[in-house]
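Okay, so here's the structure we're looking at.
Chain letters run A, B, ... following the sequence lines, proteins first, then strands; residues in each count from 1.
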There are 2 protein chains.
Amino acid sequence: MKNKVIMPFRSAKHQHRKCQKIALDSAKKLCESQGQRLTPLRQRVLELVWQTHEPVKAYDILDQLKDEHSSSAPPTVYRALDFLQEQGLVHKIESLNAYIGCGGPDESHEHSQFLICQQCGAVAELDDIDITNLLNEKVSELGFTMQTGMVEIVGVCAICNH
Amino acid sequence: MKNKVIMPFRSAKHQHRKCQKIALDSAKKLCESQGQRLTPLRQRVLELVWQTHEPVKAYDILDQLKDEHSSSAPPTVYRALDFLQEQGLVHKIESLNAYIGCGGPDESHEHSQFLICQQCGAVAELDDIDITNLLNEKVSELGFTMQTGMVEIVGVCAICNH
DNA sequence: TATTGAAATGTTATAATATAACATTTTTGA
DNA sequence: TCAAAAATGTTATATTATAACATTTCAATA
């Protein structure tokens with residue numbers, strides 16, 4: 001557990017296929033090691049989440065899923081997203097009601113921090129131990145026991161800042 | 001701007017009327033000083049938000065408002081909440097889709113941190129400059145320009161921890 | 001390998017949260 | 001007093017998410 005940029009902002013012309021491949025491969029590995037089933041449906045939802053580095057709406061996933069899998073309905077998507085979140089493969093961005101693939105599901109990180117670029121819409125993920133420690137320390141002073149922390153920072157990314 | 005507990009966790013038997021009075025009085029003062037109109041409707045919504053230290057759902061406000069103001073509809077509540085949020089009198093807790101009164105609307109604080117007690121449901125508000133500075137510093141290192149930050153920490157408060 | 005219980009998916013309905021669009025009323029300032 | 005702006009009323013609908021129950025698929029084991 002150290003300071004990590006779990007998923008940075010990527011340039012418009014990065015090889016996104018590589019991001020997708022890494023995500024899918026590590027998802028398969030993780031599920032296997034956990035004895036969890038990454039079914040075709042769940043895998044497909046994960047792929048749809050990984051279309052871009054922008055968080056995706058559940059109903060956008062549903063619309064796409066319907067085209068290829070006509071029996072899809074809201075529970076189809078929400079169940080898959082629930083599963084993927086439980087495995088740490090997907091995170092929900094609460095302030096956007098949208099879902100993003102986790103860049104580092106292997107390394108356990110209970111407390112990610114998300115950076116949301118207002119301009120390009122992309123989201124980066126950090127797992128910064130200094131932030132987590134400071135939050136823990138600060139709330140402990142108040143007698144509060146921290147279980148999970150949600151940090152979502154809105155601003156402008158380095159690329160958009162040029 | 002300093003380290004502040006804007007609104008602490010309060011014991012079950014604290015004099016909540018005082019919290020309400022302070023909130024209402026400072027809201028009136030703030031609106032007056034800003035040339036904003038705290039209309040009866042807006043004030044009533046603010047009072048309903050301040051019923052407790054637990055965040056309140058928009059439709060719960062609506063249900064109560066309807067009893068006393070039959071023309072109330074969703075926009076009635078959402079417009080009042082939007083106004084109150086713009087004035088810094090109310091905050092939205094994103095992870096709960098619920099609204100809480102701001103304990104210190106006077107002192108400008110762009111970046112609150114919210115502590116959410118799983119057990120009693122209450123929410124405390126901090127404006128901790130160390131946290132804000134660290135977040136700023138960390139994202140700056142990545143070339144990210146921070147505009148607003150959402151920090152919501154779930155756990156157990158000192159009172160529930162006994 | 002047949003069975004059976006659990007897990008996953010299908011299906012229908014509806015709950016919960018939020019906004020759009022336009023009409024009317026109220027307030028404010030010229 | 002009038003006109004413009006602000007606030008509220010009203011109706012409709014969009015968006016996000018879950019409940020409840022039926023059916024199918026999978027995987028362990030008898």
Test side-chain contact (heavy atoms from CB on, under 4.5 Å) on Leu38(A) and Leu84(A); report intermediate values, then the result. CA-CA 9 Å; Leu38(A) 188 64; Leu84(A) 295 168; 4.1 Å; yes

Within the side chain of Lys4(B), is there an N or O that forms a donor-acceptor pair under 3.5 Å with the backbone of Ile129(B)? no

Taking it one step at a time, do Val156(B) and Gln147(A) satisfy side-chain contact (heavy atoms from CB on, under 4.5 Å)? CA-CA 8 Å; Val156(B) 181; Gln147(A) 311 254 329; 4.1 Å; yes

Is there side-chain contact between Lys138(B) and Ile131(A), with heavy atoms separated by less than 4.5 Å? yes

Using a strict heavy-atom distance below 4.0 Å, which residues from residues 66-82 of chain A are in contact with DNA chain D? Pro74(A), Pro75(A), Tyr78(A), Arg79(A)

When you compare the side chain of His53(A) with that of Cys19(A), does any pair of heavy atoms fall below 4.5 Å? yes

Taking the side chain as every heavy atom from C-beta outward, state whether Trp50(B) and Cys102(B) have any pair of such atoms under 4.5 Å apart. no

For the backbone of Lys66(B) and the side chain of His69(B), can you confirm whether one donor and one acceptor N or O come within less than 3.5 Å of each other? no

For residues 112-121 of chain A, which residues have at least one heavy atom under 4.0 Å from DNA chain D? none

Using side-chain heavy atoms (C-beta onward) and a distance below 4.5 Å, is Gln113(A) in contact with Met150(A)? no

Gln43(A) side chain to Glu47(A) side chain, donor-acceptor N/O pair below 3.5 angstrom: yes

Would you check, one step at a time, whether the test side-chain contact (heavy atoms from CB on, under 4.5 Å) holds for Leu135(A) with His111(A)? CA-CA 10 Å; Leu135(A) 293 178; His111(A) 310 281; over 6 Å; no

Heavy-atom check, side chain of Phe9(B) versus side chain of Leu115(B), under 4.5 Å: yes

Take Val56(A) and Leu48(A), measure what side-chain contact (heavy atoms from CB on, under 4.5 Å) needs, and give me the verdict at the end. CA-CA 8 Å; Val56(A) 180; Leu48(A) 291 171; over 6 Å; no

Quick one: do the Gln85(B) and His91(B) side chains pair a donor with an acceptor below 3.5 Å? no

Got Val49(A) and Leu81(A) here, is their nearest side-chain heavy-atom distance under 4.5 Å? yes

Flag the pair Lys57(B) / Tyr99(B) as yes when at least one side-chain heavy-atom distance between them is below 4.5 Å, and no otherwise. no

Students should find that the nucleotides of DNA chain D closing off the region near chain A, any atom under 4.0 angstrom from a heavy atom, are dT16(D) to dA27(D)

Find the distance Leu62(B):CG to dT19(C):P and express it as a whole number of Å. 14 Å

Considering only heavy atoms from C-beta outward, does the side chain of Glu94(A) approach that of Glu152(A) to under 4.5 Å? yes

Atom pairs under 3.5 Å, N or O on each side, protein against nucleotides 28-30 of chain C: can you list them with distances?
none

Per the under-4.0 Å heavy-atom filter, residues of residues 92-100 of chain B near DNA chain D come out as none

Strand contacts (DNA chain D) in residues 49-61 of chain A, 4.0 angstrom heavy-atom criterion: Lys57(A), Tyr59(A)

CD (Gln118(A)) with more than 12 external heavy atoms under 6.0 Å: yes

